[in-house]
Amino acid sequence: MTQQQMMMMEAVERTLLKAVSEGCVENSLEFASKNAAGGFDHKDLCSAIRSLSASGLVVAKEHATQVTVLTEEALGYVSQGSSPEAQVFAAVREAMPSGLTMSQLKDKVGGQVAGVGFKQAMQAKWVSVLKQDKPKPKQGEEEGGGAAAAKKKEPKAEPTILASCESVEDKCLVLLQSVAKGEEVGPKDAQNLKKRKLIAVEKTNFFEVAKGPKFALERKKEATDLTRDLLTNDKYTSVAFKRYNFRAMAPELSGGHLHPLLKVRSQFRKIFIRMGFEEMPTNRFVESSFWNFDALFQPQQHPARDAHDTFFLTKPMFSDSAKWPADYLERVRKVHEEGGYGSLGYGYNWKLEEAQKNILRTHTTAVSSRMLYQVAKKMEREGKFTPCRYFSVDRVFRNESVDRTHLAEFHQCEGLVADKDLNLAHLLGTIKEFFSKIGMRDVKFKPAYNPYTEPSMEIFAFHPGLGEWLEVGNSGIFRPEMLRPMGLPEDVKVIAWGLSLERPTMTLYGVDNIRELFGHKVDLDMIKRNPLCRIGLD
Ligand code: PHE
């Protein structure tokens with residue numbers, strides 16, 4: 001609203017409130033036309049009434065009615081101050097005594113007014129038409145004209161319009177003016193004006209307005225904020241406060257939104273932390289084959305170490321093996337080649353160059369192997385082993401062909417517990433507890449194989465929606481061939497399990513194509529509107 005419109009609205013409100021204070025305003029339409037001189041129309045008045053009644057200053061009852069309004073054409077005549085018939089009469093009258101032909105009349109008052117006005121003026125007998133005789137052709141024209149003249153059509157003489165009286169009363173205009181003022185016109189006149197399409201009947205609503213419970217002659221500005229000024233000067237005791245409109249629509253916030261994967265990840269974190277696990281640093285997307293494979297007793301010819309399954313870096317292609325502890329490196333080589341700690345090893349020629357190859361880590365177990373080496377180091381420093389629990393949730397990469405359940409880039413979540421004399425029962429119990437916390441109460445295990453765990457078990461969970469058992473993770477007890485070279489003693493056992501973050505997220509959020517969850521095909525709207533993750537909230 002402009003400043004001017006605002007002042008206008010205030011003026012309308014004041015006029016209305018004054019009238020209401022003197023008695024009920026029965027019809028807003030009549031009230032508006034009575035005050036038309038004050039510059040407001042019915043629409044302005046209606047918005048003032050609505051706003052005042054919302055604030056309780058007035059009560060308003062809405063009624064439906066029919067009003068007679070002027071058509072566009074009639075509005076024109078009212079503003080010209082003359083009906084078409086009166087315009088025709090005036091033009092003809094002025095041209096007396098000779099009168100006007102139709103074309104001359106059209107030139108004077110315009111085609112439309114001439115047409116309508118002439119018809120009406122004739123009916124009212126204000127004008128008449130003088131039929132003229134054919135003008136006689138002039139001497140000589142007939143003979144000398146030749147062929148060309150014979151073809152020429154003789155101009156038809158136009159009849160002359162003459163005024164039949166001295167002056168007229170513009171009854172039509174008077175009627176239109178009364179309609180404009182909202183006054184009643186007689187049924188016969190109304191019918192006639194309607195036929196001439198000068199008036200139309202419209203349905204409209206009007207208000208009956210009376211004093212409201214908070215009636216006042218002036219609307220009090222309601223305070224919307226409790227300001228310092230209101231408080232320090234005790235003004236807040238006398239000021240009226242605007243009520244909260246709890247039904248008002250709030251503007252949509254366009255802030256950041258959490259992706260479902262992030263929501264599930266943060267719940268997984270909470271579950272792990274509540275179970276006493278610490279998070280491992282997962283910031284190395286680029287890893288050496290050494291920590292990703294060799295440290296895990298994964299032989300160098302293992303198919304997973306093929307370029308078909310793993311992304312190898314070309315720049316830098318190799319890690320600097322000087323950064324790895326030389327004695328540990330030697331023990332790793334030895335366990336691969338010759339075995340030890342009760343193992344036969346693989347009996348092949350272990351190559352440092354193969355271990356140095358940089359890759360994108362294929363699993364978060366690379367994070368675990370680095371961590372467990374640190375655990376062994378700590379034990380060495382402190383002279384005693386302290387049991388520990390660790391977890392990680394982060395991204396891993398595999399050279400997979402992408403389909404509805406596989407991506408080349410996804411997230412893994414991994415947990416491990418290191419303590420003396422842990423056994424399979426501990427692993428089963430820990431996994432059962434963890435999975436029940438993420439909402440998978442029914443789990444089953446199936447023997448499996450991993451180069452770094454013995455025994456190894458795949459984890460299956462029952463999906464009530466699909467009515468079937470789904471593979472949800474992999475687990476095992478880390479082999480001595482992995483732990484002993486690090487320096488961990490024989491009785492320290494490490495149980496571990498891993499699962500993808502995408503699988504449970506898809507189940508929780510009802511996404512059945514992984515490409516709709518992660519990657520360039522994701523619908524941004526899904527990210528904006530996805531609900532809270534409700535696992536692990538209890
Ligand atoms: N690294 C395994 C995988 O990628 C998961 C796993 C973690 C298995 C820990 C056993 C122990 O599937």
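Model, not experiment: these values are computed from the prediction. Start at 1 and go down the list; that is how both ligands and their atoms are numbered.
Heavy-atom proximity to atom 9 (C) of ligand 1, evaluated over Ser368, Ala448, Ala496, is greatest for Ala496.
Looking at Glu516 and Lys521, no side-chain N of the basic residue comes within less than 4.0 Å of a carboxylate O on the acidic one, giving no salt bridge. Contact check on Asp309 versus Arg305 returns no salt bridge, with no Lys/Arg side-chain nitrogen under 4.0 Å from an Asp/Glu carboxylate oxygen. Of the charged side-chain nitrogens involved, none lies within less than 4.0 Å of a carboxylate oxygen, so that Glu353 and Lys357 do not count as a salt-bridged pair.
Glu490 CD: 12 or fewer foreign heavy atoms inside a 6.0 Å radius.
Counting heavy atoms under 4.0 Å from ligand 1, residue Thr362 does not touch it at all. At a heavy-atom distance under 4.0 Å, no atom of Glu458 approaches ligand 1. Of the heavy atoms in Asn474, both backbone and side-chain atoms come closer than 4.0 Å to ligand 1.
Under a 4.0 angstrom heavy-atom cut-off, Met457 registers as lying outside contact with ligand 1.
An N or O contact shorter than 3.5 Å is missing between Ser475 and ligand 1 by distance. Between Tyr452 and ligand 1, a contact under 3.5 Å exists for at least one N or O pair. Residue Thr453 places no N or O, backbone or side chain, under 3.5 Å from any N or O of ligand 1. Of the polar atoms of Glu414, none of the N or O atoms is found under 3.5 Å from an N or O of ligand 1, judged by distance alone. For ligand 1, one of its N or O atoms has an N or O atom of His363 under 3.5 Å away.
Screening Phe410, Phe311, Phe285 against Phe397 for a ring-ring contact (aromatic ring centres under 6.0 Å, His included) leaves a single residue, Phe285.
Counting only heavy atoms of the protein, atom 3 (C) of ligand 1 lies nearest to Gln412 NE2, 3.5 Å.
Contact of the Glu337 side chain with the Asn349 side chain is registered, since non-hydrogen atoms from C-beta on lie closer than 4.5 Å.
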